[in-house]
Amino acid sequence: MPIAETAHEAQGQANEEFRPKILAFCCNWCTYAGADLAGLNRMNYPADVKVLRVPCSGRVNPQHVLRALQDGCDGVLVCGCHPGDCHYSTGNYYAKRRMMVFKRLLEFEGLPPERFQIRWISGSEAGKFRDTIVQVTDDIKKLGPMAADEPSQAVVAALRAKEGEL
Amino acid sequence: MNDATQIVRERATALLADGTVAAVVGWAAGRGDHDRHVFVARTPEEAALLVADQYCGALAAKRVLSLLDEGKIALVARGCESRAVNRFMADRQLKRDQVHVIGWPCPGMLDPATGDALKRCTECQRRNPVLSDEVVGDPVPEPELDRFAELERFEQKTPEERRAFFQDMYESCIRCYACRNACPCCTCRVCFVDQERVGWMGEEFTADQARYYGTVRAFHTGDRCIECGECQRVCPQHLPLMLLMHKQVRDIDGLFGPYPGGGMEPEGPDPLRTYHTDDLEEFM
Amino acid sequence: MIISKDNMGALADAIGATQTVYVPGTERAATRFVAHKKGEPVVLGGANVRMPPKDLLFPATEKMYRWKKHEGQLSLETEAAAHEPFTVLGVRPCDMASVAKLDLVFLTKGFVDEFYQARRDAATFVAVTCVDPDGDCFCEAMGVRLDAAPAADVLLVDRGGAYEAKPQTEKGEAAVAAWAEALGAGADAAAGDAVEAHCTLNPAAAKAEERLRAEDFDNVWHSVADYCLTCGTCTFECPTCYCFDISQDVRADEGARFRCWDSCMFTQYTLMAGNHNPRADRASRVRQRFMHKLRYFADRYGEGLCVGCGRCIRDCPAGVDIAAIIDAVATAPEHELTEAARTVQADEAKKEAAHV
């Protein structure tokens, strides 16, 4: 852990101008309305987040998340209605289970947890929407671009040295 | 000839002769002393070629699905094959009356090259068939083992080490799709990697594409995996694919459990195809 | 020129001073030809590498050209270019024979593949006679000799403790002359007789090819299809499988075309527009693979496509065994002629009757 953290910090400092690309999947019925409300209330939040409106958080195929991270996004945010408030009654419950397991799988493969986040934000929670965007952008800025996650040569060499032993 | 082979041949011959089944799925010997491959016997003469010994490493169950047009199929089923049958039924690929299960309490298989126990057998949590129409031989004692031991050792690594490890693994993947083709959970008519018009996958052989394939396939099967370990056995590059499966199974057990693992019951719902309103909340 | 086996590392270092030299090693979870690093030992004997040298000439993924649209103008930029010279050290006779077959595919019959040719021209192949055939090797049955590699630039003949380097082409002459200079006279070692070895596995390939021309073996293909997984392992590890697919990566108004290996084992391979698939079932794909290896290629180029390296047998997860299939075809009881063979026979009978 310490190695990774220092590497990220160094990256963060070297990239003061780094503007992350963050993709936010927002459910049409709650989070998107929340984002709308934030806009109506003239709340300021970083423009690094690209909002993608989806019918329901349950529609977000976990494959989209991985593809986004591979194709140039530095972070992905999936947002939906609070559990119990889904416009389709159950979509976000399914999404929750899926995302819980998929997030752990990606982290197991070494993805920093901050790069893939999930939040429930209702249509009235404009403030929460803004705070979430600010916090996620902040997290990703600290991490730097996806390329900063590349393991260091030392770690790769050490791994190669004990090849065969898992 | 060992007892199991003897009885399997006798039973297969009888089932084929009286027309109970159209074919028997088991194993037969190859050219080398310990070479075995999956074999479909359709006549009593062919039934005499069946073999059931410690070198039958391949999972035979999936072959049943491609034979259903021929009639009722008999399957020589160890713990893993019987779990696969449960899997097929839960996935609506097979009805119970389409298959005649000849249960075979599994002695644990050996690698024909080295003579060591097959890795997939050393992690097996259920060697006796979980369902059967008849059983060959006596039940074997179930192994007491921690199938997550390797996973726990692996989790000691730092995220950066794991990142390096998986980067290496996906660079090594040749994307032959043997794991998918062998997997009893992979029964989609059209796999996402073959959906060219949707374009999930790029065709180029890069670590990114391999990661996308490997991770997504693991996730698609994660909550249904019967932990037979066949994916890892068939991998020509010997990649540790079961790590991803064990990781998900253990997570599901911890988050939504208790979860005994896939294929233990003939009916779903599988953990990611259901929900409870009081599920753990961590995204608030 | 005689070079001691202990001096192989030094030889690789010497060649490596001016160009990349690929030697048998381990990388990405498999033994394969890897770029030699100065000072590392080089061993040419033992089991053959699991991945054949074909990707040095015909990479798994290869960019072909890029295109760009700018203000209504379309510009193309080819990726084909002369390749830096490189040497492959320690290729077995079976793999060398496979290179000769790839040459037939990519360089003859009136079409030259510029991407392949660039790499082929840049390559110097140093083959080594094979003294370690294992139980799955059957190259002799496929017309390959363990002690010869006609397509190689230089042949290293195993003479016990040393190799005798025999140049076979102009490129080889120059290479050996350069080695002699670099290694000096001290490299010469006392050499024994050439080591002789033979395959133990010897399927009846000629008989099988002949019978595949005249008869149907649907029963064989169906019985293999009963256990073949139709994964791509055999085709990707095969030193002579050369099928590829051309694909593109399109981003707004620019893009790149690339080609990548394809496998006749995959359902996508023959999938046509409108979703028709002439080889939708496993048996027809299995048939295609073996018919191509054992007959179709011979029809077109006068020699079979299998070199008997045994890779597909060793690494098949399902136990498909091409040697056993060759024998199964060769020894199958006589049965019905194929429709095509019947037509040919009828035509010949007609011609003969007309002649009389």
Part of A/Gln117 within contact of chain B (heavy atom distance under 4.5 Å):
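A/Gln117 has no heavy atom closer than 4.5 Å to chain B.
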Under 4.5 Å heavy-atom distance to chain B, tell me which part of A/Leu106 shows up: side chain, backbone, both or neither.
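The side chain, not the backbone.
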Give the minimum heavy-atom separation between B/Leu272 and A/Arg98, together with the two atoms involved.
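Shortest heavy-atom contact: CD2-N, 4.2 Å.
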Over all heavy atoms of both residues, which pair between B/Phe283 and A/Lys96 is shortest? Give the atoms and the distance, please.
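Closest heavy-atom pair between B/Phe283 and A/Lys96: CE1-O, 3.8 Å.
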Report yes or no: does [X] contribute a side-chain atom to a donor-acceptor pair with the main-chain N or O of [Y] at less than 3.5 Å?
X        : Y        : value
B/Arg162 : A/Glu107 : yes
A/Arg97  : B/Pro271 : yes
B/Glu160 : A/Pro151 : no

Taking A/Glu109 as the fixed residue, which of B/Arg163, B/Gln167, B/Arg211 is the one that meets the side chain to side chain donor-acceptor pair (under 3.5 Å) rule?
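The option that passes is B/Arg211.
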Between B/Asp223 and A/Val101, is there a side-chain heavy-atom distance shorter than 4.5 Å?
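No, every pair of side-chain atoms sits at 4.5 Å or beyond.
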Going by the angle between their ring planes, with limits at 30° and 60°, are A/Tyr94 and B/Tyr275 parallel, tilted or perpendicular?
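Plane angle over 60°, so perpendicular.
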State which residues pass ring-ring contact (aromatic ring centres under 6.0 Å, His included) with B/Tyr212; sequence neighbours excluded, sorted by chain then number.
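Once residues adjacent in sequence are excluded, B/Tyr212 has no partner under the ring-ring contact (aromatic ring centres under 6.0 Å, His included) criterion.
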Of all of A/Ile118, A/Thr132, A/Val78, A/Thr90, which one pairs up most often with chain B through heavy atoms under 4.5 Å apart?
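Greatest number of close heavy-atom pairs with chain B: A/Ile118.
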